[in-house]
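To keep things clear, I will list the structure first and then write my remarks on it.
Below, chains carry the letters A, B, ... as their sequence lines are ordered, and counting in each starts from 1.
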Amino acid sequence: MRSEPTTVDVVEAARSLLGRHLVGHGVTVRITEVEAYGGHLDPASHAYTRTARSEIMYGPPWRLYVYRSYGIHHCANVVTGPTEQGAAVLVRSGEVVDGHARARARRGGVPETRLARGPGNLAQALGISLADKGTDLLDADAVVRLGAPVVEPPAISTGPRVGVSKAADVPWRLWITGDPTVSAYRRSPRAPAPPR
DNA sequence: TAGGCGATGACCT
DNA sequence: GGTCATCGCCTAC
């Protein structure tokens with residue numbers, strides 16, 4: 001299928017991130033939920049229009065793209081490449097596996113399953129801010145980095161993406177089946193009504 | 001330079 | 001289940 005090479009790549013990358021560890025400022029999470037964004041071909045992606053903010057998504061893969069949403073929350077994305085396509089994967093949720101005390105201190109004593117549930121909360125638990133934008137996630141010395149690739153892929157479910165107002169019906173949200181840390185699906189209030 | 005909007009989350013009813 | 005807080009970024013003028 002030559003029409004959508006980017007989409008296949010980024011979804012495959014998203015799949016490979018599930019179950020993988022992500023380390024941020026002394027806290028380690030196991031990624032349980034992600035969303036794929038197809039770059040300049042995807043109207044829901046920040047990289048759909050190429051600007052100074054999204055420029056980093058057009059760069060080399062495995063870099064961290066951080067943006068602020070609603071003026072409050074930070075969201076962490078993994079640029080998956082290939083270069084010049086602007087594809088990235090939003091890390092939505094994770095299970096804290098190390099650094100609980102630090103994560104809890106940042107999150108303020110919420111229940112265990114909510115420590116890194118939702119993209120804003122995950123970034124907060126990991127201490128990720130705009131200052132971390134551009135970090136090379138494969139650099140073993142970086143304060144934010146990815147763990148080793150997953151050897152045995154977990155059971156994965158897919159569905160429509162959360163909170164996006166465009167292309168909301170593309171099933172590019174992926175999560176580990178049955179994981180309690182996966183956030184609830186909520187459609188964007190701005191998204192058009194779903195097709196029947 | 002100003003106005004509008006967003007890949008959210010917490011709290012209230 | 002619904003509403004609101006809050007600010008950086010993009011777009012239009």
Side-chain angles (χ1 to χ4, degrees), chain A residues 6-7 10-11 13-15 17-18 22 24 29 31-59 63-81 85-96 103-134 137 144 157-175 180-194:
Chain A
T6 301
T7 66
V10 72
V11 171
R15 189 178 293 269
L17 285 173
L18 285 173
L22 177 64
V29 299
I31 298 172
T32 58
E33 181 185 4
V34 296
E35 280 179 8
Y37 286 87
H40 68 295
L41 297 179
D42 182 359
S45 171
H46 285 179
Y48 187 58
T49 52
R50 186 166 182 164
T51 64
R53 176 174 64 154
S54 61
E55 186 62 34
I56 186 174
M57 298 169 79
Y58 286 88
R63 296 297 178 91
L64 184 69
Y65 167 55
V66 182
Y67 70 93
R68 190 193 297 271
S69 179
Y70 288 80
I72 312 170
H73 315 285
H74 293 290
C75 298
N77 297 248
V78 178
V79 177
T80 60
Q85 292 200 342
V89 174
L90 168 66
V91 183
R92 289 193 55 85
S93 298
E95 170 193 3
V96 177
R104 200 172 289 116
R106 289 179 182 143
R107 294 277 297 121
V110 300
E112 183 74 21
T113 54
R114 291 193 189 178
L115 278 177
R117 174 172 168 163
N121 291 335
L122 180 130
Q124 186 180 10
L126 294 179
I128 291 175
S129 70
L130 291 176
D132 297 307
K133 185 176 175 179
L137 293 171
V144 183
S157 300
T158 63
R161 290 178 291 189
V162 178
V164 301
S165 58
K166 297 169 185 172
D169 300 301
V170 181
W172 286 352
R173 173 174 172 244
L174 297 84
W175 65 92
T181 62
V182 173
S183 55
Y185 173 63
R186 181 174 47 168
R187 193 179 183 84
S188 167
R190 306 188 74 83

Write down the distance between CG (N77(A)) and C1' (dG6(B)), rounded to a whole number of angstrom.
14 Å

Before you tell me yes or no, could you show the steps for V170(A) and R161(A) under side-chain contact (heavy atoms from CB on, under 4.5 Å), namely the whole-Å CA-CA distance, both residues' side-chain angles and the distance that decides it to 0.1 Å?
CA-CA 7 Å; V170(A) 181; R161(A) 290 178 291 189; 4.1 Å; yes

Give a yes-or-no answer on whether the side chains of N121(A) and R107(A) include a donor-acceptor pair shorter than 3.5 Å.
yes

Rounded to the nearest 0.5 Å, the CD atom of E33(A) sits from the CG atom of L122(A) at a distance of 10.0 Å

For R173(A), does its backbone N or O pair with a side-chain atom of T158(A) as donor and acceptor, under 3.5 Å?
no

What is the distance, rounded to the nearest whole Å, between atom CD1 of I128(A) and atom P of dA7(B)?
19 Å

Within residues 44-53 of chain A: residues closer than 4.0 Å to DNA chain B (heavy atoms)
A44(A), H46(A)

When the distance from OH of Y67(A) to C1' of dG9(B) is rounded to whole Å, what number comes out?
13 Å

Closest heavy-atom pair and its distance - L174(A), A14(A)
CD1-CB, 4.0 Å

For DNA chain B, which ranges pair as stems of 3 or more consecutive Watson-Crick or G-U pairs, with both donor-acceptor distances under 3.5 Å?
B:1-6 with C:7-12, B:8-12 with C:1-5

What's R114(A) touching, base or sugar-phosphate or nothing? Going by heavy atoms closer than 4.0 Å.
nothing

Find out whether Y37(A) and V10(A) are in side-chain contact, i.e. whether some heavy atom of one side chain is under 4.5 Å from a heavy atom of the other.
no

Is a side-chain N or O of Q124(A) found less than 3.5 angstrom from the main chain of H73(A), in a donor-acceptor match?
no

When you look at R92(A) and E35(A), which way does the salt bridge (Lys or Arg N to Asp or Glu O under 4.0 Å) test go after all the steps?
CA-CA 7 Å; R92(A) 289 193 55 85; E35(A) 280 179 8; 3.4 Å; yes

Could you pull out the protein-nucleic contacts involving nucleotides 11-13 of chain B (nitrogen or oxygen on both sides, under 3.5 Å)?
none

When rounded to the nearest 0.5 Å, the distance separating CG of L115(A) from OG1 of T181(A) is 10.0 Å

Within this structure, what is the NE2-to-C1' distance between H74(A) and dG6(B), rounded to whole angstrom?
15 Å

Distance in angstrom units between Y37(A) OH and dG6(B) C1', rounded:
11 Å

Contacts of type salt bridge (Lys or Arg N to Asp or Glu O under 4.0 Å), residue R104(A), not counting sequence neighbours:
E112(A)

Roughly, in whole Å, what's the span from CZ in R161(A) to C1' in dG6(B)?
15 Å

Taking only residues two or more places apart in sequence, or in another chain, which ones meet Y67(A) in a ring-ring contact (aromatic ring centres under 6.0 Å, His included)?
H46(A), Y65(A)

Go through it in stages, so that I can follow the logic: the residues are H74(A) and K133(A), the test is side-chain contact (heavy atoms from CB on, under 4.5 Å), and I'd like the CA-CA distance, side-chain angles, deciding distance and then a yes or no.
CA-CA 11 Å; H74(A) 293 290; K133(A) 185 176 175 179; over 6 Å; no

Between N or O atoms, less than 3.5 Å apart, protein on one side and nucleotides 5-7 of chain C on the other: list the pairs.
{"from": "dT6(C)", "atom 1": "O2", "to": "Y70(A)", "atom 2": "O", "distance (Å)": "2.5"}
{"from": "dC7(C)", "atom 1": "O4'", "to": "G71(A)", "atom 2": "O", "distance (Å)": "3.4"}
{"from": "dC7(C)", "atom 1": "O2", "to": "G71(A)", "atom 2": "N", "distance (Å)": "3.4"}

What is the distance, to the nearest angstrom, from the CZ atom on R92(A) to the P atom on dA7(B)?
11 Å

Expressed in angstrom and rounded to an integer, what is the separation of N121(A) atom CG from dA10(B) atom C1'?
9 Å

Is the closest side-chain heavy-atom distance between L126(A) and V29(A) below 4.5 Å?
yes

When E95(A) is tested against each of V182(A), T113(A), T32(A) for side-chain contact (heavy atoms from CB on, under 4.5 Å), which residue passes?
T32(A)

